[in-house]
Structures are given as C-alpha cells and as structure tokens.
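Scroll down for the structure; my scribbles are underneath it.
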Amino acid sequence: MKNRRLVFSSLLIVLALVAAACGDDDAETTTTTAATTTTVAGTTAATTTLPPEPEVAFDLGVTPSPCADAVNEGNGCIYLGVISDLTDGPFAPLGVPLTQAQEDFWAEVNAAGGIDGWDVVITAENTIDAHYDPTQTAEGAVTLADRVLGLAQSLGTPQTLGALPTLVEGDIVAAPATWFSGWAFTDVDAGLIMESGAPYCFEAMNGMEGLYDLRGGTPFTWALVAFPGDYGGDYGAGAKIAAAQLGLGDPVAEILQIPVSFGGSVAETVPALLAAQPDVIVMVTGPTEMAQVAGGLFQNGMTSFQILGAGPTWNVALKGNADLMPLLEAVYVGTSPWAGWDTDTEGHAAMRAAAENHGRTPSGSYVAGWTWQYPWLALLTEAIASGDLTRSNVAAIAATLEDIDYQGILPTRTYAGTPNDHVVRSTFLNQADADTSDGLNPLTDAFVGTIAADFDLAAPCFVG
Amino acid sequence: MTQFLQALVNGVSLASIYALIALGFVIIYKSMQVLNFAQPALLLLGGYWVLYFATVWGWAFPLAIVVGALFAAATGVIVERTTLRPMVGKPVFAVAILTIGLNTVISVIALDLMGVEIRQMGDPWGFGFVEFGGLNIAHRQIAAIVAVAVLVGLLLAFFKYSRLGLAMRATAFDQEVALTQGVSVSTVFALSWAIAAVLAMFGGVFLGSGVGFERSAAVTALKALPVVVVGGLDSIAGAIVGALLVAVSETLAATYQPEYAPFLGKGFSQLVPYVVMLLVLLFKPYGLFGTKEIERV
C-alpha cells in the first residue's frame, strides 16, 4: 500500500513537472493554428475563406483563444492598447471620439470576419486615460506592456516620447495621435511609431503658403500662439520657415500658451494680441484656448484678423456655439492632414457607416482616429501572413512597412527609405462652416505648397 | 491710456464674478464659521443646471436662471443637511476638511454631467460690445457688473429687512444668544448654504457665457479664496473690495507684466491673486475688513 502511494505520488510529481514545462508562459513564444478568413475594413469589406493558415507564432498581447464577447468564436485575439486624454486634459474633447473611432474600426474588421483568423480588440482595461500628462503616459505604457501587442493610440508628442523607452524595450509598435515631424526618423522613434498624414511643420508650411495665396499674395503680419512642447514647436517651426520664405518676417507676437486645463489662462494672450494687432494669428493650441482667445478678441472689438489653426485646434463642439460660430466662420481657417467627415472616399464612407452602426456623432477627431488604424491593419495583415505575431517580428515589419492602403483617405504610403522618401507633405485648408458635419468646409483639395515640396527634412523641425 | 482703462474695465468685470463666488464663502463663514472649500464645485453644478435647462431643454434663459437657482439652492440645502449637520459641534478644522471632500465629490458629479466638451450656457449676450470713449465693453461684462450690483443690493435688503435675514445676522453675531431668542439656527445654516450655492451658480453663468462653460471654471472659482482672505472672511463689503483689488491687479498684470517684467515668467498674472493675498496678510492678518478675533490666554 505504501509503495503504491509512493508510485502514485511520484507519477503526480512527474506529471506536474511536465505540465509546468509545457505551460503557457507569457514571455515565451507560442504557436497556434489560426482560423481561416481574411477581411478588409469598410463597407466594401470582402470575406474570403482561405485554406488553413500555417501556425502563427505569438507572445505578448495575443491569445489563441477568442476575445471576450467575440463575434468570431474560431478566431484568436489580438489586444491593442490606447493611451489617450479622455477626461480633463486639453485634448479630452478630441480623445474621446478618437478612441471611439478606433474601437469601431476594429469592431467593423471583426464583424467582417477578422484578419486571417484573428480578431483585434481595444478593451476598456487596455484603455488608459493619461490626462495629456507625459508621466502618466509613460506609466500607462508600463502598465500595458505585458497586456497588448501594441498601441492603437498614443496621444500627444511629449507624452509618446516619454513612453518611448518602454516601447523600445518591449518592441511595442504604436500609432501616434500626433503629427510630430520626428516620427519620420528612426533615430527618434526606433521605427516603432506608425504616423499618418503630413507632420505638423509641413502642415504649417502649407497653411501659411495657402493662406498667403488665399489673401491674394499680399504680405501680412502674423502672431504665433502655441502650446509649449513639440506640438506647438513643430507647427511653429513650420510657420516660421514658411513666413521667412514668403517674406513675412518674424511674428509680431509669439505667445507660449499653457493649456487651460493645466491652470493656464488666456488672460495674458488676449491683451498681447490686442496690442500687436496681427493680421493672422497662427494658433497651435486646443479648441478651448482658441475659442477663448477668439472670444476675448471679439469682445474687445478686434474683428479684422484671421486665425490659422492647426488640426487639433478645432473641435466640432465649437459648431454648437451659436454666438461664436458665425464669428469664427469669418476668421477661422484650419489646416488638416486629411479631408473632413463629409468627403467622398471609400474610407470616409466606411467610417461614416461604422459611426452610424455605433451611434457616433460626426467629428474630425473620429476621422483621425479611424485613419490612424490603417497602418495597424496593414501591419497585422502582413505579420499574420508571415506566420509570426511576436512583438519583435511585428516591430521589425513596422519599421519598413509598405503599401499602407487608407482606402482613399490618404494616398498609399510606406515607412521604408529616408524621411524625405516617405514623409507625407500634403495638407487640406478648411474654413469654419456651421453647415458641415464637422464644422469645417474644405477650401482646397490636398495640396503641397512649393515650400513644403522643396523642404529637406534632414532633421525634425523641432527639437525640444 | 486706453489700454490701461480697458484693463481696468476687464478687471472690474472679472471682479464681479469673483465677488459672486466670494460672497458665498463669506455668508457661510459668517453663519457657521466654516471656510467652504466646496464653492468651486457648487459653481460647476449650478452652472450646469442653467446650461442644461437653457440649451438641452431649450428654455428661455431667464427661466433657466430661475429654475437653475432653485436647483442650486436645493443642492446647497441637501449638502448642508446630509453632510454638514452631523458635524455641528465638531472642530472647525474638521468641517473645513470635510468641505474639501465635498468639493471633490460634487465636482466629479458635475464634471460627469458636463462631459469633456465646452458647453454653451445659452446666454443672450454673445460677443456683442459697446464702444465708450475708445473702450470696448462687452455686453457680458455689463451684465455681470449689473447682476452683482443687483444681487448684493438684494442680499443687503434681505439681511436688513427680512425676518430670516435678521435671524442670519443674529446667528452670525452670536449663535447661543440667537438660539435663546428663538432663532432656528439650523434653518439659518441651511439658508446660508442655499444662498452660497445660488451665488456660485451666478458666478458659473458669467464664467461660462460667451465662449462656453467647461472644467477650468473650477480653477477660476478657486481665486475667490484669496479674494475673501484679502477682504476679510466675515465681511460682505470686504468680499467686494477684495474682488476688485484681486481682479484688477490680475488684469493689469496680464496686460503689462509680459512686456515690462518678462523675467517673472509666463502665466504670472495667475499668481497675482495669491501675491496680493500674501501682501495683505503681512499687514492685515484678518483681511482689510475682517473682524479681529480676541482670545483670552
């Protein structure tokens, strides 16, 4: 009896050791056989049944088991994270629809069958509100490092730069919610940041040149009101480059605007602009600061000026201000890296359909959130096709990813080659218009001004 | 000169908003000897009621103000009854700390209701202004100055001529004596919170009119604290003078400091209320109009 117990116990121990050796260790690479469909996001999505895929290797942020509440029970699950500004930072009005668009993007991909047997989800657990705080963004990256394959969104340039060490350490690829020109340089982003659209400084060059043309080629005085850091600095650098080449000279006032949500105030900005009386105010802030500055100037009787606003300076909610909007319609010209909500492209149509499916309201931020997911779709499609969804392989592919199809929202792009080879230089100019869905009416198609076209992107436009 | 006068006008307008919020501090302090740190949260919630009725339900703005004031008053009474009443007899310090907690709780509720977008107040003033002697005075600024004048007048009349107002003054003078004279001190406490909440609501309305109402209004409301310290915690006149001193100093600093004293740094005007407070405290520890406390030792 005693011997039988000993044998039985020994057997249990051996079995336990074998089980432990074969157990699922997050840090180890595992393989699975994925299901067999491939899909394309959007209304024209096609679902094709393919032969069984070869085994796909994976490690962190990927499970062979289906996602919670999966629409495709046979699919594996890829987890993406979001670090955004969702409640009280300067871009919270933008961060919420931006995040919703990204959730909806993947919900549509999944509803159409997923990507070659894999669903992609952004769960609430993997969505972090960093309040536009670089420290909290860096902490958020650490929190998500073991949970997700990559970041569907990292909002803010200094914030994303703060998180970069963690991203580099973990081979974590991220789509930025920022247009910093440094993302074109692998020595800045280690090839991990998949930017979309023209960087801020090109947007500013095109904006200044476009506005110059719209004003009939007449020189104008200009002021710069910009957030501190890379967002304000990059766009401001582009504006200064363009101003110099257009013969406009230095800004008559250059004001560093602390975000109102960080305790800043426009109390000093408005008197400075009233004193300087610029023809054009280049605003590189959030929508709140822009509205408060514009409102302050209007209330003090200054009406003969124009605002050239960076993309994030506008928010559709401004359309709801019945008193302010008619005044903004007269003065506000905004730049954007892609066309607005009502534009007729395949991608815009897919986005509008998704928004309707999920009960979202139109906004430029939703367009941005949606557009930023196309590189991820291309990346995951290629990584799955290569049979390797491990972080290191995904990061390696991202650095030189090619043929990213934006369904017409942007031209197909690549990350391969030098910054001058792959940087996007085109911009749209828009006028505030209460009659459009997102409050902006395009004044131009995508265009590249001569200054932006000739600019040699040898280094980031702004180095903090 | 025009720039200076314009800064003065803007300062007086800002002072009217600070005064509305500061008066709420003073009224609660006079009745309960409690510094109410929840005033910014009451401003957020009060402002929300008005914008909700005016823009979501589409009511006429005056009606939204009246109903908003009723809701704000009810909020004040509920807060007093549920959280302050059990603290009667407890150390003043503990009650003040409690109001910090209240500020957090009410702010979270208000901000959740407001959402992250700038919300329109539905006010009728827009961005219109009148020109007077080379100065531009916004309709909103005129409305704020008139409103604070009317509200202060009504408050003073209430304290002087109404039975409840007299009861509040008696309670502020000496609670125990007031009790022996049949004054319902608990009613006075509740009423003081109701009035403070309504005044905060008006502050929120004027902060949010024009461009819109959003979260940073609570930060602005905090500047009422240096206002009451400068004026004296228990002085209505002090709240008004303190508001003028603080707001005019702030707008003058915002206008001139970036040009004449840039070494003081960006955003110095936001510090000015606290600098003024420190300077006044150095020479007048009870504020310009505050009552000196005499303690036997």
Side-chain angles (χ1 to χ4, degrees), chain A residues 85-97 129 228 253 255-272 274-276 286-303 315-328 363, chain B residues 2-3 6-7 9-11 13-14 55 107-108 111-112 115-131 134-141 209-212 214-220 222 247 250-259 265-272:
Chain A
D85 176 5
L86 299 172
T87 50
D88 54 9
F91 293 114
L94 312 183
V96 171
D129 181 7
I255 301 160
L256 207 58
Q257 176 64 56
I258 307 295
V260 166
S261 58
F262 290 172
S265 161
V266 302
E268 292 171 15
T269 308
V270 173
L274 287 170
T288 302
E289 292 77 10
M290 189 277 290
Q292 291 187 352
V293 167
L297 295 177
F298 292 138
Q299 285 185 346
N300 281 280
M302 183 172 160
T303 52
N315 179 22
V316 66
L318 294 164
K319 214 177 77 162
N321 190 324
D323 297 315
L324 185 62
M325 192 60 190
L327 299 167
L328 288 178
S363 78
Chain B
T2 305
Q3 190 184 34
Q6 186 70 58
V9 168
N10 292 343
S13 161
L14 184 62
T55 62
S107 292
V108 167
L111 294 175
D112 196 45
V116 296
E117 304 278 8
I118 304 175
R119 301 290 297 266
Q120 304 317 308
M121 192 54 76
D123 61 278
W125 303 299
F127 293 92
F129 59 90
V130 293
E131 290 185 60
L135 303 177
N136 297 302
I137 308 171
H139 294 167
R140 180 176 73 99
Q141 293 177 315
S209 60
V211 170
E214 49 94 38
R215 295 159 174 254
S216 65
V219 178
T220 309
L222 267 182
E250 186 182 334
T251 52
L252 288 175
T255 305
Y256 294 110
Q257 177 265 326
E259 186 179 354
K266 176 72 187 165
F268 179 75
S269 66
Q270 300 304 297
L271 295 179
V272 164

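Only this structure's heavy atoms are used, side chains among them; waters, hydrogens and symmetry mates stay out.
A donor-acceptor pair is defined here as one N or O able to donate and one able to accept, closer than 3.5 Å; no such pair exists between the side chain of Asp85(A) and the backbone of Gly95(A). Between the side chain of Glu289(A) and the main chain of Val260(A), a donor-acceptor pair closer than 3.5 Å is present.
Ala267(A) touches chain B through backbone and side chain together, each having a heavy atom under 4.5 Å away. Heavy atoms closer than 4.5 Å to chain B are found in the side chain of Asn315(A), but not in its backbone. Only the side chain of Leu327(A) comes within contact range of chain B, judged by heavy atoms closer than 4.5 Å. When heavy atoms are compared at a cutoff of 4.5 Å, Gln257(B) approaches chain A solely by way of its side chain, counted from C-beta outward. Looking at Val96(A), only its side chain comes within 4.5 Å of chain B, counting heavy atoms on both sides.
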Please report, to 0.1 Å, the donor-acceptor pairs under 3.5 Å made by any side chain of residues 292-302 of chain A, with sequence neighbours excluded.
| unit_1 | atom_1 | unit_2 | atom_2 | d |
| --- | --- | --- | --- | --- |
| Gln299(A) | OE1 | Arg140(B) | NH2 | 3.3 |
| Asn300(A) | OD1 | Gln6(B) | NE2 | 3.2 |
| Asn300(A) | ND2 | Gly296(A) | O | 2.7 |

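Top candidate by heavy-atom pairs under 4.5 Å with chain B, chosen from Thr87(A), Leu324(A), Asp323(A), Asn321(A), is Asn321(A).
Under 3.5 Å, the side chains of Thr251(B) and Asn10(B) contain no donor-acceptor pair of N or O atoms.
Applying the side chain to side chain donor-acceptor pair (under 3.5 Å) test to every pair with at least one member in residues 256-268 of chain A, sequence neighbours left out, gives these pairs: Gln257(A)-Thr269(A), Ser265(A)-Gln270(B), Glu268(A)-Ser269(B).
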